[in-house]
Every structure is written in C-alpha cells, then in structure tokens.
**Q** 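Right, I'll just put the structure down here and ask away after.
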Amino acid sequence: MDGSKGKPEVDLERMRHSCAHVLAAAVTKLYPQAKLGVGPAIADGFYYDIHTPTPLTSEDLPAIEAEMRRIRERKLPFVREEVAIDDAIAFMKSTHQDYKVELLDLLKSRGSTAAKGLDDPNLFENPAAGVSSVSLYKLGEFVDLCRGPHVEHSGQVGAFRLMRVAGAYWRGDNRNPQLTRVYGTTWANEADLKAYLFRLEEAEKRDHRKLGVSMGLFHIQEEAPGTVFWHPKGWTLFRTIERYMRTKLDNDGYVEVKTPQLVDRVFWEKSGHWENYRDAMFVAKPGKEGEEEDRLYAIKPMSCPGAVQIFRHGQRSYKDLPLRMAEFGACHRYEPSGALHGIMRVRAFTQDDAHIFCTEDQIPDESQKFCDLLRDIYKDFGFADLRVKFSDRPEQRAGSDEIWDKAESALEKGSSAAGLATTRNPGEGAFYGPKLEFVLRDAIGRDWQCGTLQVDFVLPERLDASYIGEDGAKHRPVMLHRAILGSFERFIGILIENYAGRLPTWLSPIQARMIPIADRHVDFAKDVARRLAHMQLPNGEGGVRIDIDASTERMQKKIRNAQIEQIPYMLVIGDKEAEAGKVALRLRSGKDLGAVTVEEAFERIAAEVGTRADIPVAP
RNA sequence: GCCGCAGUAGCUCAGGGGUAGAGCAGCGCAUUCGUAAUGCGCGGGUCGGGGGUUCAAUUCCCUCCUGCGGCACCA
C-alpha cells in the first residue's frame, strides 16, 4: 500500500466493488431485462455476472463502458437502506431479479449465501442462521442487494476499463445455467490504470506459449491437442532438468523404476481408477480392424498402481522400509478441452513421481526428509519463496479417525521440522489421506502449486501390498505419494515465464555462441567451440553447450540474433582474438568483458553453472 | 465439457462475393564487416477441415477441428 506522499488513502477494494454496481446500473439501463447474479471486487478489479436475453459479447462493452462513464459524471450517491428481508424479496421479485431472490431466500433460511468453497464477500453473513433484514444500495434508479460498503457517489469510482466477457456458471456449479461474467479493472486514477495495462502487456511477453515456440523449445499442433512436440533445444532443457532431478534422487536414497504405459483395464478396475476416472482415461484396443484383441488396455493416467506392483513382487521385509521408489512417469489424461493451456496443462505429461513405502512411524521422518529435498531443489531453480498448504481430512474419507490423527500429525511434524510453516486447508485432503501442497512464487508474484506430499493408506490396501514385520506377521505399508516439480512440462512452462525466457546458464539449451566476425575466423571459432564442448562442467553437466554462427551476416546481426535467443554468452572472434588466441566475451546483459583466454571463458561459465546462478540481466 | 471470441505465408498481421498483400524469417547473389537489424533479388498460401447459398465463396450461412479468455475440472 502506498498511501504515502500525503495522498489521501484510497480504498481500492471499495472503489472496485462500487464500480461493479456502476456496471450493473449501466447494464440494467441498456438492457432492462437483465438479471443480475453477483458482482464482487477481485484482484485488480471486479466482475458482475449478468443474464441478458441474448448474451453480452465483447462488442457490447464499449457502449456499456460509455454508459458507466455517464453515471460516473453524474456523481450519483450510493444510498444505503436497511429493509426487512421479506420486503427485499418482494422487491426483487417485482423487478424479476430471480438470482437475487435466490440469494435472499438463502439468507433468510441459512443466514448465509455461501456456496461451496466460495462465499460471496459482498453479501450479508450472519453467524446465527437466518437474517431478518438486509441492506440495499441505491444508485440513481438502480437498486442492488449488497452489504457494502461503497464510495459516497459514483464520481469516486476511479479509473476503470471493461476488459472481457466470459461464461460463468451460476454459483460456480456446472449444473446451473451460465451467466455472462463481465470483467473490469479499476484503479485510483488514469495513471495507475495505464500502469496496470502496461503490466499486463509485460506479463503477456512472458507467456511460455509464445516464448517457448520462438525460443525453438517445442510446439503443439492440431493433430495432437494437449501434447508436446519437444524440439532439440527444448528437449535439452528437459533432459537437463531430468538429469539434475535424477542426481538429487540418487543422492537422497531413492531407487528409480519404469512401469508399463499400457495396462489391462482389469488392473485399473482393481486400483479404483476405472470407476472414478474412466472418462478421463485413454484406452487402446490393439489388433486388425474387426479382429481386435479381446482386451481393453488403458494408458496409465498415473504411476502409483504400477509402483505397488513392483513393491508387491516377491516378499518385502520391514528391513526394506522406507522404500523410496521414483519414476519419471509419462502419464496421459484426457483433460477437458477447455482446460488445456500451452504446456502447463496437457494431456500427456511426465511426473517427477515417487512413492515411499513406509510404516506409520516413519511418516514424520520421511516427510521432513522430503520437505528438505524439495526446498533444496526449488532453491536451485531460483525459487526461494515457498509456502505450504496443509489439507486435512475431508468429509468423505476412508480410514479410521485414529489413522487420520496419526497421519495428520505426522505430516505437520515433518513440515515443521523442516522449518516450513503451513496454512490449513480444512477438509481439502484426498479421500485416502491428508496432504501437503507446496506453492512457489515466481518473479512477478504469481503462485504456482507444484510439489505435493500425500499420505495414502487406501491404495496399499486395495492392491494388497504388504511386508513382513519384525514379528514375522504381514503388515500393511503406508504409501507416500510425492512430487516436487509436479510435471516436467508444467514446470518448464513456469521456468520460462519466471525467467521471461532468460534461463540461467545451467538450464540454457545453448549456453554460448561463437560469433566469428569474418569467414577467416570460422576455423578458429570452430576450434574454440570444440574445446569448450569437451571441457567438463560441474554437476555432471557435460561440456559447454555451444554453437557457432558461421553465417555471412554482419557481426552486429549475429549478436542481435544471439540476444533475441537469450544465449548467456557470446564469444566474438576477430583478427585481434585469432591473433592472441583469445575470445571476446559478451554477456546477454550487454556487458562486454573483453578478450579472455578460452580457459578463462570456461572458468567463468563453469562457475555459473556450478552455482546454478541466474545471470543479472540488463535493466 | 460450457459461454464468448478467433483461425489468411514459418512468425506478426492487413484485406475482403470475382481464386490474395506487407514486414520479419527463408533461399540466391554481392558484401567480410568490432558488440542489438548490410544491400539487391527470388520463392512461398487449396485463406483450419467439411457441407450449403451463389454464375462465382477465402469473404455469407451451417457444422466439425484447433486455439484464446473465463467458468467447471485437475486422481
């Protein structure tokens, strides 16, 4: 908040909410048959859900916005009026505001309009069930059910802009009719509004879908919706991350496995997936047309049932526990078409999955160990800001209360021992156990949930996993599902957006580019490139990933191209360098480090790769 | 999946009932250059697929696909 500089404090939320009323007033004026849903303030602005006989489209927005400006100019007062709830219902009925009537009925009977997971902050809430009166706000002719508060008059709603329309289900339930949600943004003044729009444009430039394609990392095409074609550079990035993760897991006591992609549906029936997720699973029926094999296979949507098969193959002893079984599992899920988003939400993805088979007593230690590992890894990728959500027992759940008590406290113990504070997510756990969800914050303040740690005492039961205990009897292991990156695809998308394409050197598909100034320098440049490619970088990264721009372009153009590709190091070679056997080192920040020996250049790159440092960028 | 919008050259985009145009990229030639764009030339498109209306459709209509913004979903 900057209320500094003697400026009057601005209550943006109040302005935004009032702006939603101005929008509603404008719409009801232009479309008298409009029925209103809810219209809260949200981050950066507001929305209002509206039903009109023919749905509003973006083409209608300019006229609505113009009407809103007229209302702003008239400086109409917001007038609060407390009325008996039955009077309010009668009034809303008389104006055919069916949705408002529905809300009022809820208020009357339950004292709250809370829908699942989302309670509308703009409406009256009464802890005691049932309310007898509600507040209405008048703005000129327009009357709305609302808790307030509002600015004094419509001249104070600030600088706004209607942004877009979208469909939204009434009360967030897809069985309900869909209203048109009009989104707007509101700021204290025109300058702030402009700054916001500028920020949006900047965020758009980070979009991994554009950057990833222009950086030559991957593409997606029509015939394979929601699945990624990884190009050489993108796959280099993928493999770099995979190699890094593998090393981390090797050092942390994991074993790695690979389980089948196609498994008979009978197997998924046993695991329970067929029943719950059949619609979201890809299936395959092999064989000649008309003579297909009489079995239906499903492509695995997740790796855990496969891991259990390996666990239960042969006998396990308590001495084998905890058994940390990792798999970079390629999973396929038939995600709803509207959910697909670049490489962040896809139908084929690779989880950095692992299943820890352990005893109940081992859960706290394993949780702590995992939290430590996860934080360590996030730090290496440049994410220091981490928060943890703790989702506890849902209403619908398997397992006794004792077991839940144990699992929940074990998870809490583990995360707090790792020095992580958790926020509670009541009732949001899986039916099979509680979970921790790890959320990282990126460079422009967006949150991404990536990691997860879930306790599961159902699947070992369903798939009959057991081990022989110290007592010689069979016992049921607990299974911890855990992921750090979540999926490689999504995590790479996050990395691209976090770094705006300027990946740290250790992750850059091309770390250095040779730029010979003239043809006569090409041979020397090739020689330098060869040498650097054969020197061993730390962390088992292999040689420097280097290429050479031997085109007939001018040096300036080659530099520009390397800049656009965000290559961390440019090694320029002309007569002076060839003579001295050196290279002129230029950073993508624009900094010119002058002529250095090949060894010096290597040391510099190696140091950066070794610390996984992010290179400072030009302002 | 639902609501709304969009799909024209590899990319960004203009155009519009009479079978298309720019910039960048690509290719060719010339240039051999000192830290973010050398010049000239050339090629490139079933205007997302299918159907309909029309003498004529890339343009209008229907439908499917894909994408975009949300909603719903995310084991």
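So that the names make sense, note that chain A is the first sequence line, chain B the second, and so on, each numbered from 1.
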**Q** Applying side chain to side chain donor-acceptor pair (under 3.5 Å) to A:T57 and A:E59, what does each step give before you reach the verdict?
**A** CA-CA 5 Å; A:T57 74; A:E59 282 166 30; 4.6 Å; no
**Q** Nearest to the A:A518 side chain among B:rU32, B:rU35, B:rG48, which nucleotide is it?
**A** B:rU32
**Q** Looking at A:R490 and B:rC74, is any side-chain donor or acceptor paired with a base atom of the opposite kind under 3.5 Å?
**A** no
**Q** Relative to each other, are the rings of A:W404 and A:F457 parallel, tilted or perpendicular (30° and 60° limits)?
**A** perpendicular
**Q** Give the ring-plane orientation class for A:F229 versus A:H219, where under 30° counts as parallel, over 60° as perpendicular and anything between as tilted.
**A** parallel
**Q** So what does A:D519 hit on the nucleic acid, given a heavy-atom distance under 4.0 Å: a base, only sugar-phosphate, or nothing?
**A** base
**Q** Tell which nucleotide pairs with B:rU19, taking only Watson-Crick or G-U wobble pairs whose two distances are both under 3.5 angstrom.
**A** none
**Q** Look at the side-chain N and O atoms of A:H341 and state whether any lies under 4.0 Å from the OP1 or OP2 oxygen of B:rG69.
**A** yes
**Q** Hey, can you tell me if A:W235 and A:W230 have their rings parallel, tilted or perpendicular (30° and 60° cut-offs)?
**A** tilted
**Q** Quick one: look up who B:rC2 pairs with, Watson-Crick or G-U, both distances under 3.5 Å, and put none if it's unpaired.
**A** B:rG70
**Q** Among B:rA75, B:rC5, B:rG69, which nucleotide sits nearest the side chain of A:S58?
**A** B:rC5
**Q** Under 4.0 angstrom, heavy atoms only, what part of the nucleic acid is A:A584 near: base, sugar-phosphate, or nothing?
**A** base
**Q** How many whole angstroms separate atom CG of A:N176 from atom P of B:rC71?
**A** 16 Å
**Q** Under 4.0 Å from OP1 or OP2 of B:rC33: is there any side-chain N or O of A:R520 that close?
**A** yes
**Q** Using a 4.0 Å heavy-atom cut-off, does A:K558 contact any base of the nucleic acid, only the sugar-phosphate backbone, or nothing at all?
**A** nothing
**Q** If we call it a pair only when both distances are under 3.5 Å in a Watson-Crick or G-U wobble match, what pairs with B:rA36?
**A** none
**Q** Over all strands shown, is A:T180 touching base, sugar-phosphate only, or nothing at heavy-atom distances under 4.0 angstrom?
**A** nothing
**Q** At under 4.0 Å, does any side-chain N or O of A:R181 touch on OP1 or OP2 of B:rG70?
**A** no
**Q** For B:rA36 and B:rA30, measure between their C1' atoms and round to the nearest Å.
**A** 24 Å
**Q** For B:rC42, which nucleotide is its Watson-Crick or G-U wobble mate, given both distances must be under 3.5 Å?
**A** B:rG26
**Q** Quick one: label A:P225 by what it contacts on the DNA or RNA (base, sugar-phosphate, nothing), any heavy atom closer than 4.0 Å.
**A** sugar-phosphate
**Q** Name every residue in residues 277-284 of chain A that has at least one heavy atom under 4.0 Å from any atom of RNA chain B, in order of residue number, or write none if there are no such residues.
**A** A:Y277, A:A280
**Q** Where does the angle between the aromatic ring planes of A:H341 and A:H208 fall among parallel (under 30°), tilted (30 to 60°) and perpendicular (over 60°)?
**A** tilted
**Q** Name the residue closer to the 5' end of RNA chain B, choosing between A:N174 and A:I220 according to the nucleotide with the nearest heavy atom.
**A** A:I220
**Q** How about NZ on A:K258, more than 12 heavy atoms from neighbouring residues, nucleotides or ligands closer than 6.0 Å, or not?
**A** yes
**Q** Mind checking A:R554 for me? I need base, sugar-phosphate or nothing, with any heavy atom below 4.0 Å counting as a touch.
**A** base
**Q** For RNA chain B, what residues of residues 201-210 of chain A have any heavy atom nearer than 4.0 Å?
**A** A:R209, A:K210
**Q** Start at the 5' end of RNA chain B and walk down; is the nucleotide closest to A:M555 or to A:Y183 reached first?
**A** A:M555
**Q** Taking the basic N atoms (NZ, or NE/NH1/NH2) and the acidic carboxylate oxygens, is any pair closer than 4.0 Å for A:E269 and A:R265?
**A** yes
**Q** Going by modelled atom types, is there a donor-acceptor pair between the base of B:rC2 and the side chain of A:Q178 at under 3.5 Å?
**A** yes
**Q** Using 30° and 60° as the class boundaries, would you call the ring planes of A:F357 and A:F311 parallel, tilted or perpendicular?
**A** parallel
**Q** In Watson-Crick or G-U wobble terms, both distances under 3.5 Å, what is the partner of B:rC60?
**A** B:rG52
**Q** Reading nucleotides 22-30 of chain B from the 5' end, what letters show protein touch, with B for base, S for backbone sugar-phosphate only, - for no heavy atom under 4.0 Å?
**A** ---S-----
**Q** Please check if atom OH in A:Y196 has more than 12 non-hydrogen atoms from other residues, nucleotides or ligands closer than 6.0 Å.
**A** yes
**Q** Scan every strand shown for a Watson-Crick or G-U wobble partner of B:rA14, both distances under 3.5 Å, and answer none if you come up empty.
**A** none
**Q** Give A:A168 one of three labels, base, sugar-phosphate or nothing, depending on what nucleic acid heavy atoms sit under 4.0 Å from its own.
**A** sugar-phosphate
**Q** Can a donor-acceptor pair under 3.5 Å be found between the side-chain atoms of A:Y169 and the base atoms of B:rG70?
**A** no
**Q** Once you apply a heavy-atom cut-off of 4.0 Å, does A:E577 come out as touching a base, just sugar-phosphate, or nothing?
**A** base
**Q** Is any side-chain N or O of A:R586 under 3.5 Å from a base N or O of B:rU35, one able to act as donor and the other as acceptor?
**A** yes
